[in-house]
Amino acid sequence: MKKIIFTSIRINASTEEVWQILTDFEKYPQWNPFIKSLSGEVKEGRQITVRLKGMTFKPIVKTFNKHIEFRWLGHFGFKGLFDGEHRFFLKDNSDGTTTFEHSENFSGLLVRLFSKSLDRDTQKGFEEMNKEIKLRAEELSINYNHIL
């Protein structure tokens, strides 16, 4: 079984400003309501450690394309049981704003079992993180533009 959760939000800041916040992993505990911590060498092919509320897992970084995309693939237990490909994608809207897409493709035998929880809790977690990254990026953008 497969399931996709997709969220997006328009942010009044450049892709560079949004990327700066997204990849400042040391500050996640200060603002990120969904991902409590992210550690390890964030580089394609490397394993990182991601801690959510009540869950820690060690996905492999699939894509780390500066100012554009960060994607990882994780497994619960063994491959095919409950897999998730998490993706952050930044789209430059050519008007000083960024569309921040936050999604995950789930697959595996246990997806049906967790489907309601994914719809309720995971979707909510993505949306909360999106709102917080928007607030931080827009504040950074305002402060940066005010200095200029």
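On a predicted model such as this, the values are computed, not experimentally measured, just so you know. As a basis for the values below, the full set of heavy atoms in this structure was taken, side chains included, without hydrogen atoms, waters or symmetry mates.
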Legend entry - Side chain to side chain, T23 and W19, heavy atoms closer than 4.5 Å: yes
Legend entry - Partners passing salt bridge (Lys or Arg N to Asp or Glu O under 4.0 Å) against R136 (at least two apart in sequence or in another chain): none
Legend entry - Residues that N32 engages under side-chain contact (heavy atoms from CB on, under 4.5 Å), provided they are two or more places apart: Y28, F34, I35, M129
Legend entry - hydrophobic_cluster_shared for L135 and I9, side chain cutoff 4.5 Å: no
Check residues 64-73 and write down every donor-acceptor pair under 3.5 Å in which the side-chain atom is one partner and the other belongs to a residue at least two apart or another chain.
| residue | atom | partner | partner atom | Å |
| --- | --- | --- | --- | --- |
| E69 | OE2 | R87 | NE | 2.7 |
| R71 | NE | T63 | OG1 | 3.3 |
| R71 | NH1 | E85 | OE1 | 3.3 |
| R71 | NH2 | T63 | OG1 | 2.6 |

Legend entry - With sequence neighbours excluded, residues passing ring pair (Phe, Tyr, Trp, His ring centres under 6.0 Å) with F106: F82
Inset, instruction - Output the distance between atom CG (N130) and atom CZ (R10), rounded to the nearest 0.5 Å. - result: 15.0 Å
Legend entry - Nearest non-hydrogen partners of K134 and N12, listed with the distance: NZ-ND2, 4.3 Å
Inset, instruction - Return the set of residues passing salt bridge (Lys or Arg N to Asp or Glu O under 4.0 Å) with R51 (not counting sequence neighbours), or none when no residue passes. - result: none
Inset, instruction - Specify the closest pair of heavy atoms between P33 and E132, including all atoms of both residues, with the distance to one decimal. - result: CD-CG, 3.8 Å
Inset, instruction - For the pair E17 (side chain) and S14 (backbone), establish whether a donor and an acceptor sit closer than 3.5 Å, ignoring hydrogens and angles. - result: yes
Legend entry - For S8, all residues meeting side-chain contact (heavy atoms from CB on, under 4.5 Å), sequence neighbours excluded: F6, T99, E101
Inset, instruction - Answer yes or no: does atom NZ of K36 have more than 12 heavy-atom neighbours from other residues, nucleotides or ligands under 6.0 Å? - result: yes
Inset, instruction - Search all heavy atoms of T98 against all heavy atoms of A13 and return the closest pair with its distance. - result: OG1-O, 2.8 Å
Inset, instruction - For the pair N93 (side chain) and D95 (backbone), establish whether a donor and an acceptor sit closer than 3.5 Å, ignoring hydrogens and angles. - result: no
Inset, instruction - Output all residues satisfying side-chain contact (heavy atoms from CB on, under 4.5 Å) with Q20, sequence neighbours left out; order by chain, then residue number. - result: L140
Legend entry - Pairing residues for K58 by the salt bridge (Lys or Arg N to Asp or Glu O under 4.0 Å) criterion, not counting sequence neighbours: none
Legend entry - Hydrophobic cluster partners of I60 (side-chain heavy atoms under 4.5 Å): none
Legend entry - Nearest-0.5 Å distance that lies between atom CG in N105 and atom NE2 in H86: 11.0 Å
Legend entry - Flag, side chain of T7 to backbone of H102, donor-acceptor distance under 3.5 Å: yes
Legend entry - Contacts of Q123 that satisfy side chain to side chain donor-acceptor pair (under 3.5 Å) - sequence neighbours left out: E127
Legend entry - salt bridge (Lys or Arg N to Asp or Glu O under 4.0 Å) against D92, all qualifying residues, sequence neighbours excluded: none
Inset, instruction - Taking atom CZ of R120 as the centre, report whether more than 12 heavy atoms of other residues, nucleotides or ligands fall under 6.0 Å from it. - result: yes
Legend entry - Within one Ile-Leu-Val-Met-Phe-Trp-Tyr cluster: I4 and L109, side-chain cutoff 4.5 Å: no
Legend entry - Shortest non-hydrogen contact between A137 and V18, atoms and distance: CB-CG2, 4.0 Å
Inset, instruction - Check W31 against I133 and note the closest heavy-atom contact, atom names and distance. - result: CZ3-N, 3.7 Å
Inset, instruction - Would you give the length of the straight line joining atom CD of E26 to atom OG of S37, rounded to the nearest 0.5 angstrom? - result: 11.5 Å
Inset, instruction - Could you list the residues that satisfy side-chain contact (heavy atoms from CB on, under 4.5 Å) with S107, not counting sequence neighbours? - result: K2, D83
Inset, instruction - Consider only side-chain heavy atoms of I, L, V, M, F, W and Y, link residues closer than 4.5 Å, and tell whether F25 and L90 are in one cluster. - result: yes
Inset, instruction - Establish whether F114 and F126 are linked, either directly or via other cluster members, by ILVMFWY side-chain heavy-atom contacts under 4.5 Å. - result: yes
